[in-house]
Amino acid sequence: MEPVYNPQLIEREAQAHWDRSGAARALEPQDTGTGRPKFYCLCMFPYPSGKLHMGHVRNYTIGDVISRFHRMRGFNVLQPMGWDAFGLPAENAAMANKVPPARWTYDNIATMKQQLKSLGFAIDWERELATCTPDYYRWNQWLFLRMLECGLVYRKSGVVNWDPVDRTVLANEQVIDGRGWRTGAVIEKREIPMYYMRITAFSEELLAALDTLPGWPERVKTMQANWIGKSHGVNIGFPYELAGENKVLRVFTTRADTLMGVTFCAVAPEHPLAAHAARGDAKLAAFVEECKRGSVMEADLAQMDKKGMPTGLYVTHPISGEKLEVWVGNYVLMTYGEGAVMGVPAHDERDFAFAKKYGLPIKPVIDVAGKPYSTDAWQDWYAEHGVCVNSGRYDGMDFEHSVDAIAADLKARDLGDKQVTWRLRDWGISRQRYWGTPIPIIHCATCGDVPVPDDQLPVVLPEDCVPDGSGNPLNKRQDFLACVCPSCGKPARRETDTMDTFVDSSWYYIRYACPDQSAAMVDARVKYWLPVDQYIGGIEHAILHLLYSRFWTKVMRKLELVAFDEPFAKLLTQGMVLNEIFYRKAGEGRITYYNPADVDFVNDDSGKRAGAVLRADGLPVESDGIGTMSKSKNNGVDPQDLIEQYGADTARLFMMFTSPPEQTLEWSDAGVEGSYRFLRRFWAFAHQWQTPIAAESARRKGAFDHYQFPADLAAARPRHAALRREVHAVLKQATFDIQRNQFNTVASAAMKLLNALNGSLDAAEAAASGAGAAQAALHEGMGILLRVLYPIAPHVCHALWSALGYAGELLDAPWPEVDEAALHQDEIELVLQVNGKLRGRLTVPSTATREHIESLAITHEAVQRHGEGRPVKKAIVVPGKLVNVVV
RNA sequence: GCCGGAAUGGCGGAACUGGUAGACGCGCCGGACUCAAAAUCCGGUUCCAGCAAUGGAGUGUGGGUUCGAUUCCCUCUUCCGGCACCA
């Protein structure tokens with residue numbers, strides 16, 4: 001055994017050993033022999049962006065800790081890995097470097113796979129998949145066609161960001177402040193035909209099934225429920241006459257009780273009525289055009305100034321018969337409800353602002369606890385429920401009664417009824433981009449849109465295209481475009497849109513069970529492995545990816561491809577990895593960002609940071625606060641440097657130690673040194689005590705459980721009894737913490753164990769060490785420490801386990817059991833409080849009764865002193881913890 | 001703007017169901033070793049007053065419930081994530 005910790009050597013040897021023995025291979029049920037239960041532990045697969053980033057290291061370390069822990073607990077663990085390999089960055093890289101996205105992607109996969117291996121994750125690489133291979137995406141196409149057959153896929157028009165200069169569709173992230181990222185041109189909204197997946201057919205089920213997921217974080221379930229957005233309201237029709245025809249403007253509202261306070265109606269700029277009115281009104285047409293400028297992002301729309309224009313058209317109030325003017329409002333969303341709203345300025349904040357701006361009447365119709373209403377300024381309580389006033393026959397009714405009455409009256413006039421509306425919209429999957437799954441459709445002049453027959457799947461994406469920013473290169477590929485109509489046999493044109501990459505990630509976790517199955521999308525192995533027992537990924541995926549995956553699962557279940565309802569039994573959402581952003585402003589408002597690795601801090605005497613300088617020139621740099629690691633802010637940290645300098649175990653230990661998984665993690669180099677120091681100290685300690693531990697191992701033939709300590713250990717060797725008590729107390733905590741995924745305190749438990757072992761022994765005992773309590777306690781403690789630390793830092797523990805003579809593979813050793821007998825104490829110390837304030841301590845026998853403790857407390861000197869002679873009102877005893885005397 | 005989170009020493013964080021606030025680590029201060037430095041080891045370290053014993057304050061802000069609140073409720077502030085074409 002080397003005297004000094006050498007991570008490079010240890011890690012190379014451990015990884016080679018695990019590779020040779022196939023340690024990470026998951027067993028199929030027929031091979032498990034003893035019938036170990038399965039445990040499918042899955043981390044969200046990475047986009048192959050080039051190199052691993054810290055978020056990956058964090059994600060996959062968490063997954064590996066959970067996987068290795070469950071293996072110690074006797075499970076047949078599956079931990080697979082693959083590549084979310086289609087997507088926009090590959091096209092951007094192609095534009096920058098003139099390299100085909102395929103080539104760039106496969107190169108990145110090779111690099112990142114190497115990096116993952118160097119971190120020692122117990123991944124079953126035999127199941128690796130990449131979504132950009134035809135073997136995988138053919139099943140995207142196949143299921144798309146099945147969904148088309150049963151009406152779960154359909155075609156309609158959708159809105160995209162259009163760059164009028166590059167004449168191309170842009171992704172939201174390519175639109176900056178309403179302008180194209182490359183051209184700077186003002187972006188327009190444009191409607192084009194797209195394919196949609198009917199996720200709304202499952203709205204009710206997606207919402208209700210959240211209650212069947214106790215293993216999901218509450219906050220994720222809340223976010224999904226809000227996203228699905230079920231709301232109960234009333235659909236109201238406002239009749240009008242247009243060109244001699246009787247028509248009805250439909251709106252949806254959750255506040256039908258305010259119907260008598262409607263003073264106008266507003267429609268979205270895309271609403272047919274707006275288009276109609278604009279035809280005869282140049283100013284209105286200009287306004288509608290103005291609304292069409294800018295991005296399609298909801299966040300942008302929501303933060304725009306609320307603007308509107310009257311259409312000159314009037315509708316009739318369905319109850320009062322009053323004429324109401326119809327406005328076009330830029331804040332009305334075409335995608336929600338009917339694309340039109342009734343304006344109730346008195347009781348809706350947005351309508352209030354709108355009415356004030358354009359001088360529309362405000363008519364209060366709800367009385368909230370008799371508070372006085374004033375139209376001067378909006379008050380939050382204006383939107384609260386109350387009792388109807390100024391509402392004719394509805395006066396005096398509360399929310400529920402008035403909604404019921406109004407809905408009934410509307411129904412009688414055939415102008416509305418109660419209705420449930422969802423915020424959730426169907427999933428538009430068409431992308432006007434090259435690097436994705438081709439949509440298997442053929443456009444025929446005679447037959448229309450014809451599905452590609454199954455026996456012609458997959459529609460293979462040519463891999464040698466290089467996008468240049470001028471649109472989808474597939475549109476220029478005759479060999480791709482030209483095809484024959486499967487229906488009539490005439491020449492036809494292939495669809496060039498590709499699928500949203502969320503399609504790829506919606507079912508990859510199922511394919512891991514049968515990645516080599518070429519004849520079908522899934523096979524019998526899926527039944528054994530799925531659903532995923534533990535899913536781990538970034539909190540940023542809390543809504544979209546997880547919702548689409550849940551939807552996709554329900555579709556596959558409906559098509560009888562799988563038998564489960566929900567894909568992920570338990571979910572752990574890890575926090576983002578952040579780092580400080582440093583910059584300097586040069587001339588002309590230009591900002592240069594500096595990587596934190598190149599910045600040094602200047603500290604004052606107390607160790608408080610006083611400033612920061614660039615190491616290269618020693619001059620100050622400014623801090624722009626903390627943000628997610630990104631290329632644009634140059635604040636990323638390359639884990640490769642960390643692994644090379646300190647080794648994988650240090651990288652893993654630091655990632656786990658520095659904060660609990662669900663919390664955002666702020667990067668700091670300083671803590672890395674601490675983790676490295678601990679591992680070095682650990683190694684040095686093991687080296688120092690190798691002889692007695694190995695001797696004990698030999699005596700016990702490697703056995704590391706069922707230690708026999710004399711019953712009078714506490715009396716005979718109080719120090720060893722104290723050591724055992726501490727070791728088992730820490731173990732108890734660590735066992736609890738690792739099961740609730742709080743790995744930072746598991747790491748600190750390992751540190752405490754080392755401190756305990758280190759502090760309990762001295763050289764004299766080492767010299768005297770033969771068989772005996774000292775040696776046995778040391779052997780036991782070390783065996784526990786190695787197993788507690790192993791899931792986090794497996795290489796070093798693996799090496800020490802065998803160097804110290806413990807039997808078998810640490811990989812398969814069971815997680816240690818707490819010896820409750822070791823925790824026993826004859827006397828315990830209680831905290832003594834007077835009126836809830838700490839005033840002293842009390843040592844009592846662990847068997848002391850409540851009455852005994854009370855009497856000891858009341859007569860205690862500190863209680864007498866702080867009680868100042870006042871009578872004792874009562875004493876509260878919390879067993880094993882404290883006693884509080886109230887005076 | 002809407003939805004969801006978070007806030008504790010100089011720093012990362014701990015405190016499980018309301019019961020000793022600051023575990024563990026970093027940094028800093030002091031000491032040992034060394035010609036010296038690095039590394040390592042030992043001790044100290046929430047703030048204020050005090051030689052000390054001890055006392056007071058303290059978990060983003062302001063309020064509430066309780067014998068007792070970092071923990072539960074309400075208010076506000078700041079930061080982070082998502083908002084349907086980044087993944």
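Just so it is clear: chains get the letters A, B, ... in the order the sequence lines come, proteins before strands, and each one is counted from 1.
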Applying a 4.0 Å non-hydrogen cut-off, can you work out what V160(A) is touching in the nucleic acid: base, sugar-phosphate, or nothing? base
Cation-pi geometry met for K307(A) and Y331(A) (6.0 Å, 45°): no
Remember a base hit wins even if backbone is also touched, and classify K873(A) as base, sugar-phosphate or nothing at under 4.0 Å, heavy atoms. nothing
side-chain contact (heavy atoms from CB on, under 4.5 Å) partners for M44(A), two or more places apart: N59(A), Y508(A), Y535(A), H541(A), H545(A), L546(A)
Among pairs that include at least one residue of residues 44-55 of chain A, which meet salt bridge (Lys or Arg N to Asp or Glu O under 4.0 Å), considering only residues two or more places apart or in two chains? K51(A)-D638(A)
May I ask you to say what R423(A) touches in the nucleic acid, namely base, sugar-phosphate or nothing, with a heavy-atom cut-off under 4.0 Å? base
Name all residues meeting the side-chain contact (heavy atoms from CB on, under 4.5 Å) criterion together with P467(A); count only those two or more places apart in sequence or in a different chain, and write none if there are none. E91(A), A94(A), P101(A), Y434(A), P473(A)
Base, sugar-phosphate alone, or nothing: which one does M499(A) contact when heavy atoms must sit under 4.0 Å apart? nothing
Nearest-Å distance, CE (M655(A)) to P (G12(B))? 16 Å
Applying a 4.0 Å non-hydrogen cut-off, can you work out what P46(A) is touching in the nucleic acid: base, sugar-phosphate, or nothing? nothing
Whole-angstrom distance between C86(B) and G81(B), as gauged at atom P: 15 Å
Which part of the nucleic acid does H541(A) contact within heavy-atom distance under 4.0 Å: base, sugar-phosphate only, or nothing? base
What does F502(A) touch in the nucleic acid at a heavy-atom separation under 4.0 angstrom: a base, only the sugar-phosphate, or nothing? base
Apply side chain to side chain donor-acceptor pair (under 3.5 Å) to T200(A) and list each qualifying residue two or more places apart in sequence or on a separate chain. D426(A)
Taking CZ from R680(A) and P from A39(B), how many angstroms apart are they, rounded to a whole number? 9 Å
Would you tabulate the nitrogen or oxygen pairs shorter than 3.5 Å linking the protein to nucleotides 60-62 of chain B?
none

Answer with base, sugar-phosphate or nothing: what part of the nucleic acid does A542(A) contact at a heavy-atom distance below 4.0 Å? nothing
Is there side-chain contact between I228(A) and R423(A), with heavy atoms separated by less than 4.5 Å? no
What about the rings of W427(A) and Y548(A), do their centers lie closer together than 6.0 Å? yes
In terms of side-chain geometry, is the basic nitrogen of R182(A) or D166(A) positioned less than 4.0 Å from the acidic oxygen of its partner? yes
Distance-only, no hydrogens or angles: does the E384(A) side chain make a donor-acceptor pair with backbone N or O of D380(A) under 3.5 Å? no
Report yes if the side chains of W435(A) and L88(A) come closer than 4.5 Å at any heavy-atom pair, otherwise no. no
Rounded to whole angstrom, note down the C1' distance from U61(B) over to C51(B). 38 Å
All N/O pairs under 3.5 Å across the protein-nucleotides 15-26 of chain B interface:
unit_1, atom_1, unit_2, atom_2, d
A15(B), OP1, R740(A), NH2, 2.7
A15(B), OP1, Q742(A), NE2, 2.9
C16(B), N4, Q733(A), OE1, 2.8
G19(B), N2, N884(A), ND2, 3.3
U20(B), O2, R841(A), NH1, 2.9
U20(B), O2, R841(A), NH2, 3.2
A23(B), O2', K752(A), NZ, 3.1
G25(B), OP1, N755(A), ND2, 3.2
C26(B), OP1, R677(A), NE, 3.2
C26(B), OP1, R677(A), NH2, 3.0

Using the P atom as the point on both nucleotides, what is the distance between C83(B) and C28(B), in whole Å? 41 Å
So which protein nitrogen or oxygen atoms get under 3.5 Å of nucleotides 2-8 of chain B's nitrogens or oxygens?
unit_1, atom_1, unit_2, atom_2, d
C3(B), O3', N226(A), ND2, 2.7
C3(B), O2', N226(A), ND2, 2.9
G5(B), O2', R219(A), NH1, 3.3

Mind telling me whether G9(B) is syn or anti, cutoff 90° either side of 0? syn
Can you confirm whether the side chains of Y646(A) and E673(A) place a donor and an acceptor under 3.5 Å from each other? yes
Side chain of V886(A), heavy atoms from C-beta onward: which of C67(B), A87(B), A84(B) has the nearest atom to it? C67(B)
Among residues at least two apart in sequence or on other chains, which ones pass salt bridge (charged side-chain N to carboxylate O under 4.0 Å, His left out) with K732(A)? E820(A)
W83(A) and N108(A): side-chain donor and acceptor closer than 3.5 Å? no
Could you list the protein-to-nucleotides 30-34 of chain B atom pairs, N/O on both sides, closer than 3.5 Å?
none

Kindly say if R431(A) contacts the phosphate of A87(B), meaning a side-chain N or O under 4.0 Å from OP1 or OP2. no
Under 4.0 Å, heavy atoms only, any strand: does S430(A) hit a base, just the sugar-phosphate, or nothing? base
Qualifying residues under salt bridge (charged side-chain N to carboxylate O under 4.0 Å, His left out), relative to E827(A), sequence neighbours excluded: none
Can you confirm whether D163(A) sits close enough to Q174(A) that some side-chain heavy atom of one is under 4.5 Å from a side-chain heavy atom of the other? no
Nearest-nucleotide comparison on RNA chain B, the residue closer to the 5′ end among L424(A) and K306(A): K306(A)
Distance between the P atoms of G10(B) and G4(B), in whole angstroms? 33 Å
Centroid-to-centroid, F86(A) to Y137(A), below 6.0 Å? yes
Can you name the side-chain contact (heavy atoms from CB on, under 4.5 Å) partners of A383(A), sequence neighbours left out? W378(A)
Does a side-chain N or O from S659(A) land closer than 4.0 Å to OP1 or OP2 of G12(B), or not? no
For RNA chain B, stems built from three or more consecutive Watson-Crick or G-U wobble pairs below 3.5 Å: B:1-7 with B:77-83, B:10-12 with B:24-26, B:27-32 with B:40-45, B:46-49 with B:54-57, B:62-64 with B:72-74
Nearest-angstrom distance, C1' atom, U20(B) to C2(B): 43 Å
Check whether the side chains of S295(A) and N161(A) place a donor and an acceptor atom closer than 3.5 Å, and report yes or no. no
